[in-house]
Amino acid sequence: MLSASSTAVIPSPPARLPDPSAIVLDGLSVRLGGRPILHGLTATLRGRAIGLLGPNGAGKSTLIQTLLGFHRPASGTACLLGEDIRHAGPDLRDRIGYMPENEAFIPGMSAVRFVRYMGELSGLPRAVAIERAHATLYYVGLGEARYREVQTFSLGMKQTAKLAQALVHSPQLIFLDEPTNGLDPRARGRMLDLIGEIRDSGSAQVVLSSHLLRDVEQCCDEVLILREGRIAAVCDLAAERRDDRSFLDLDAVGAVDAFAAALGRRGIDIDRQGNRLKLVVPDRFGVRDLYALAAETGAHIQRLSYRHDSLEDIFLRAMDADLDPAGNASDGKVQ
Amino acid sequence: MAVYERRYEPYQGPRRPVGGRAWVISRFAWDDFARSRLFLASLVAGAFVPTLGLLVVYLHHNAQALDVLNLPISELIRIDGSFFYLLLWPQHWLALWMALVVGPGLITRDLTGVALPLYFSRPLSRRSYLFGKAAALMALLSAVTWLPVLLVWLFQASLGGRSWAGDSLDILTSIMVSSLAWILLLTSLSLAISAWVRWTPVARLFILGLVSVPSAFAMAVYGITDRPWGLVFAPMLLVRDLRFSLMEDSLSQIGTAMRGGFPSLSAPWTLAALGLWTALGFLALMSRVKALDVVR
């Protein structure tokens with residue numbers, strides 16, 4: 001219902017830190033045009049920057065659009081910032097920013113007017129919207145071009161203008177759908193830096209949907225990997241990075257059996273293929289200890305290299321893994 | 001956050017109530033209208049006939065001025081239904097012109113720029129979005145139709161006394177009802193066409209065609225069947241009929257002559273037919289305005 005008192009302002013709730021669980025998916029299924037697109041997704045995502053990763057057509061954009069209320073779930077539900085999307089009031093959308101994948105602007109409107117308009121639609125009073133539109137465009141690097149019409153912008157500038165409209169009202173959760181699509185390396189770097197700055201500001205959580213592993217790896221601390229509308233993996237990248245384990249890959253000759261047995265007795269996980277050993281060793285166990293143990297058991301280490309599970313490893317494993325009938329990776333986690 | 005600081009800072013101040021956001025759409029649409037010179041020229045032109053009407057009413061009641069000017073205005077022109085019909089008629093044409101000038105761009109731009117997801121990711125429903133757009137156009141059309149003519153009626157009522165006002169309530173009803181029906185019809189059709197036809201010149205032709213071409217069809221139906229039911233397909237003739245039929249008792253010979261011998265539907269049927277046209281327009285509009293199109 002439309003209120004006549006459109007010029008009045010209502011006080012905002014006190015500034016809140018973003019909810020630790022930005023997104024909770026509870027058996028979320030979506031059908032579009034009669035076809036099932038998302039299959040019973042269940043996950044809890046609480047990272048400061050959450051990556052939605054998956055090949056084209058995996059359902060990343062559909063998931064975002066469903067969370068924004070553009071599609072009705074066929075079954076299950078989801079919570080954003082602690083509110084069920086099926087019953088959430090309009091104020092939830094004031095706390096959300098959205099940068100769509102495709103071009104989105106209003107022809108004939110200058111960038112500053114466009115961003116101001118979107119700010120006012122998100123509830124900013126007129127004077128505040130004007131001020132924040134200018135400031136946001138300066139922040140994203142479009143300050144000098146803010147009086148130009150958006151349709152005259154290059155692709156990179158249009159992407160940046162879309163980011164500005166998603167930020168202007170100071171949302172707590174920002175959905176960025178393929179923000180680096182079509183950008184040259186410099187513009188891409190700038191865009192990723194901006195996303196990193198927003199994430200580090202601590203005032204908003206970011207959901208970054210992309211099919212580019214490097215973008216997600218650079219910006220995100222938690223990743224949801226989708227495959228054919230199902231969750232292929234949920235990975236806490238921050239925990240992976242913090243993990244106190246080292247992954248070692250070595251080739252040994254001599255008494256390799258005895259060496260492997262000795263490693264096993266010390267609680268070190270081994271994956272052996274002939275003379276090649278893949279080890280997961282605790283930080284307390286150094287390389288010097290490893291050489292000492294090899295000498296002790298009569299083995300000789302010929303080659304040794306450190307390695308970490310990159311997001312690419314995790315992604316490729318998730319793509320190869322079998323999906324259970326409920327639609328999620330067999331353990332729901334990839335470590 | 002200050003512009004020169006170039007850093008991201010959250011906003012913690014008050015926000016507007018969600019219910020009032022549709023007016024933001026109306027305000028921005030008005031700002032866009034005001035950028036068009038054609039629009040401003042049309043708005044100024046729209047003041048010409050009502051100003052003339054005010055002048056005639058003033059002179060009609062000012063014997064001194066009539067003596068000075070030596071004009072027999074009170075004998076030539078009677079302030080009755082026909083007078084107000086003559087004021088209203090060009091204003092309704094002007095409303096059609098204004099709808100052609102500004103209507104097609106209202107939703108087309110948002111569709112062309114794929115901006116609807118940006119609106120609907122905010123606390124704005126499809127209804128509030130359409131209300132905002134429609135309110136902008138309706139306010140504009142009101143400013144050139146019933147508002148100026150109502151002003152003339154009130155001026156005449158203030159000079160003519162209570163008895164004239166009491167006797168001329170049917171004129172007032174005709175001004176208001178026919179204008180509002182015309183405004184609603186033009187709004188729904190022009191918004192619907194602007195949502196379906198993205199090329200503005202073609203959208204204008206469509207609006208013009210939809211409003212005027214069926215009049216010929218209505219005449220043809222009348223010629224064949226000798227019944228006025230063809231009017232149902234001719235919204236422009238329906239509004240014309242409404243103007244006449246609601247002030248029928250106050251029409252002088254001039255007005256009756258302007259009406260011609262063409263038969264008409266009764267006022268309730270006319271209103272029902274116009275309501276149907278308007279509803280169809282809004283239905284077509286609602287089916288087009290959505291955040292995303294799902295490809296089946």
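Quick caveat: nothing in here was measured; it's all calculated off a predicted structure. Naming: A, B, ... by sequence-line order, numbering from 1 per chain.
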Using a 6.0 Å cut-off, check whether atom CZ of B:Phe120 has over 12 heavy atoms from anything other than its own residue.
yes

Any chance CH2 of B:Trp30 has more than 12 other-residue heavy atoms, nucleotides or ligands included, within less than 6.0 Å?
yes

Side chains of [X] and [Y] in contact at under 4.5 Å (non-hydrogen atoms):
X: A:Asp94; Y: B:Arg21; result: yes
X: A:Met109; Y: B:Asp31; result: no
X: A:Tyr117; Y: B:Leu118; result: no

Atom of [X], atom of [Y] and distance for their closest heavy-atom approach:
X: B:Asp32; Y: A:Arg113; answer: OD1-NH1, 2.9 Å
X: B:Arg122; Y: A:Met118; answer: NE-O, 3.0 Å
X: A:Glu120; Y: B:Val24; answer: CB-CG1, 3.7 Å

As an exercise, state the distance from CZ of B:Arg15 to OG of A:Ser170, rounded to the nearest 0.5 Å.
6.5 Å

Test side-chain contact (heavy atoms from CB on, under 4.5 Å) on A:Ile106 and B:Tyr119 and set out the steps.
CA-CA 11 Å; A:Ile106 299 174; B:Tyr119 285 96; 3.5 Å; yes

Taking [options] one by one, which has the highest count of heavy-atom pairs under 4.5 Å against chain B?
options: A:Ile198, A:Ile96, A:Leu167; answer: A:Leu167
options: A:Asn102, A:Leu68, A:Leu124; answer: A:Leu124
options: A:Glu103, A:His169, A:Gln165; answer: A:Gln165

Per-residue contact mode, [X] against chain B (heavy atom under 4.5 angstrom):
X: A:Ser201; value: side chain
X: A:Val150; value: neither
X: A:Gln151; value: neither

So does A:Pro107 get a backbone contact from the side chain of B:Arg109, meaning a donor-acceptor N/O pair under 3.5 Å?
yes

B:Arg16 side chain vs A:Pro125 backbone, donor-acceptor pair below 3.5 Å:
no

Aromatic ring proximity B:Phe28/A:Phe114, centre distance under 6.0 Å:
no

Heaviest contributor of heavy-atom pairs below 4.5 Å to chain A, chosen from B:Pro117, B:Ser121, B:Ala115, is B:Ser121

With a 4.5 angstrom heavy-atom cut-off, which part of B:Ile25 approaches chain A: side chain, backbone, both or neither?
both

